[in-house]
**Student:** 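Right, I'll just put the structure down here and ask away after.
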Number of protein chains: 2
Amino acid sequence: MARFSDRQKEIINEALKLIANNGIQNLTIKNLSKAVNFSEPAIYRHFADKKDILMSIITYLTICEKSILKKVQASGVSALDQIDNFFAEHFHQIASERNSTVMKYSEALLQHDPKLSKAIISVMHLSRDTLSEIIEAGQKAGEIRTDISTKQLTIVIMGAFRFLMASWQQSNFAFDLEVEGKKQAEAIRKMIHNQGH
Amino acid sequence: MARFSDRQKEIINEALKLIANNGIQNLTIKNLSKAVNFSEPAIYRHFADKKDILMSIITYLTICEKSILKKVQASGVSALDQIDNFFAEHFHQIASERNSTVMKYSEALLQHDPKLSKAIISVMHLSRDTLSEIIEAGQKAGEIRTDISTKQLTIVIMGAFRFLMASWQQSNFAFDLEVEGKKQAEAIRKMIHNQGH
DNA sequence: CTCATTATAGTTAGTATTAACTAACTTTTA
DNA sequence: TAAAAGTTAGTTAATACTAACTATAATGAG
């Protein structure tokens, strides 16, 4: 777990704040060094170059995402409840540390660099695929309707999740994400549950 | 309709391609001048500065979006069919000129500049609010279920729409957007229609 | 335990490159 | 013949990054 040093974590955290506030273009070594309150070249004592910083951010986000998804699945409850948890756990984390995860599912990190693009896309796929598995299991267990394919259900749920998150971000955090998230999760439950069950 | 000169349209179009291909960071005056095949300073004969180019892009996208939404609503059909059209019309346009609309709903254009941010967000709100009106009308007409609020239904539909579009973009246009869009629209129809009707 | 040594983490002062943009001149078109 | 649209050759400012130096803190021999 000693993947990053304390200073590295500090830098990653400030970098995430910079991106969340004003987009990738706001992430310059100068701004970053101001944010962590030491000189520009000091940054290079902790990261090889800017690409290394971006890669580390993605690695960090991947670790966070894996931990959330583990919680969601480990809950050992029904598929429908796991989907509720998917919303609740994500929104809880996002709302509590508004800086980081805000852009996890956003395209903000997509860069020219194919390596970086691949990495950030694979974080997105991670949650999508997990959700897909939950839905499929729910369908097999008779909890979730089977007249709509797993794929289409996944798109609906991931879409609603991401759209609500994006709206919250764009509104400048003008509403309670956890409250609205719960309402949305309830609505989705109504739409996807197996009525014969 | 003579809002932009031919050259301006040409420049806007190439700018959209540059952004679609490699993100906002790829949109430099140098790249743009290469794309339109004349020198950098010539760009400034057509636009005051870079901000003016970005603003014009957003204006252009707004015009396109309004025309699509008009088609969707003018179809004079049922709410459920209008929602089908919402998918079909958008995806048809996107698939036919893959450059432009790809990022209309993406956060790619979000900038430091508050004026630009406001403008691009209002394009997004335009489609969201139109969709919301269609849904509400459908609920009043008894076509669409009323046990879920207009707001929650809007989030589900806009979310699915945007998520599918983002997936297509990220997959490097690996699937037929119009085909998958139709499937998705059918799935949504099943989920939102009023069953007592 | 002390003190020399050495790796670590910071500094200031710069470099090379690239960005947006301009000045001044030329060609093209109405 | 004059306005519109293009050119070349720059400027200024910002960016990522480096060189060279310094302070601090851990290490290890006497």
**Student:** First locate atom CE of Met191(B), then atom CD of Gln152(A), and finally report the distance between them rounded to the nearest 0.5 Å.
**Tutor:**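 That separation rounds to 8.0 Å.
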
**Student:** Salt-bridged, Arg7(B) to Glu10(B), with N to O below 4.0 Å?
**Tutor:**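 Yes, Arg7(B) and Glu10(B) are salt-bridged.
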
**Student:** Between atom NZ in Lys34(B) and atom P in dA20(C), what is the gap in whole Å?
**Tutor:**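 Rounded to the whole Å, the gap is 12 Å.
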
**Student:** Between dA20(C), dG10(C), dA16(D), which nucleotide has the shortest distance from any of its atoms to the side chain of Ile29(B)?
**Tutor:**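 So the nucleotide nearest the side chain must be dA20(C).
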
**Student:** What is the separation between atom CD on Gln25(A) and atom C1' on dA19(C), rounded to the nearest whole Å?
**Tutor:**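 From Gln25(A) CD to dA19(C) C1': 12 Å.
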
**Student:** Would one find a side-chain N or O of Ser39(A) under 4.0 angstrom from OP1 or OP2 of dG10(C)?
**Tutor:**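 No, outside the criterion.
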
**Student:** Taking the minimum atom-to-atom distance to the side chain of Glu40(A), which one of dC17(D), dA20(C), dT7(D) wins?
**Tutor:**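 Selected nucleotide (nearest to the side chain): dC17(D).
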
**Student:** Considering every strand and a 4.0 Å limit on heavy-atom distances, what is the contact class for Leu27(B): base, sugar-phosphate, or nothing?
**Tutor:**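 It contacts sugar-phosphate atoms only.
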
**Student:** Quick one: Arg45(B) CZ to dT22(C) P, roughly how many Å, whole number?
**Tutor:**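 My rounded result for the distance is 11 Å.
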
**Student:** Tell me: CG of Asp52(B) to P of dC21(C), nearest whole Å?
**Tutor:**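 Taking CG of Asp52(B) and P of dC21(C), I get 10 Å after rounding.
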
**Student:** What's the CZ-P distance between Phe38(A) and dT8(C), to the nearest Å?
**Tutor:**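 Going from CZ in Phe38(A) over to P in dT8(C) covers 16 Å.
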
**Student:** What is the distance from CZ of Arg7(B) to C1' of dA5(D), rounded to the nearest Å?
**Tutor:**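 It works out to 8 Å between those atoms.
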
**Student:** Report yes if the distance between the aromatic ring centroids of Phe161(A) and Phe86(A) is under 6.0 Å, otherwise no.
**Tutor:**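 Distance test on ring centres: under 6.0 Å, yes.
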
**Student:** How many Å lie between NZ on Lys50(A) and P on dC17(D), as a whole number?
**Tutor:**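 Going from NZ in Lys50(A) over to P in dC17(D) covers 8 Å.
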
**Student:** Check whether the side chains of Thr150(A) and Gln139(A) place a donor and an acceptor atom closer than 3.5 Å, and report yes or no.
**Tutor:**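 There is such a pair (donor and acceptor under 3.5 Å, judged by atom type) between the side chains of Thr150(A) and Gln139(A).
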
**Student:** For Asn31(A) and Pro41(A), take the nucleotide of DNA chain D holding the closest heavy atom to each; which residue's nucleotide lies nearer the 5' end?
**Tutor:**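 Closest to the 5' end, via its nearest nucleotide, is Asn31(A).
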
**Student:** Any side-chain N or O of His46(B) less than 4.0 Å from the OP1 or OP2 oxygen of dG6(D)?
**Tutor:**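 Answer yes for this pair, as a side-chain N or O of His46(B) is under 4.0 Å from OP1 or OP2.
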
**Student:** Output the rounded distance in Å from CG (Asp6(B)) to C1' (dT29(C)).
**Tutor:**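 Rounded to whole Å, this separation is 15 Å.
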
**Student:** Count the heavy atoms of every other residue, nucleotide or ligand shown that sit under 6.0 Å from NZ of Lys50(A), and state whether that count exceeds 12.
**Tutor:**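 Result for NZ/Lys50(A): enclosed.
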
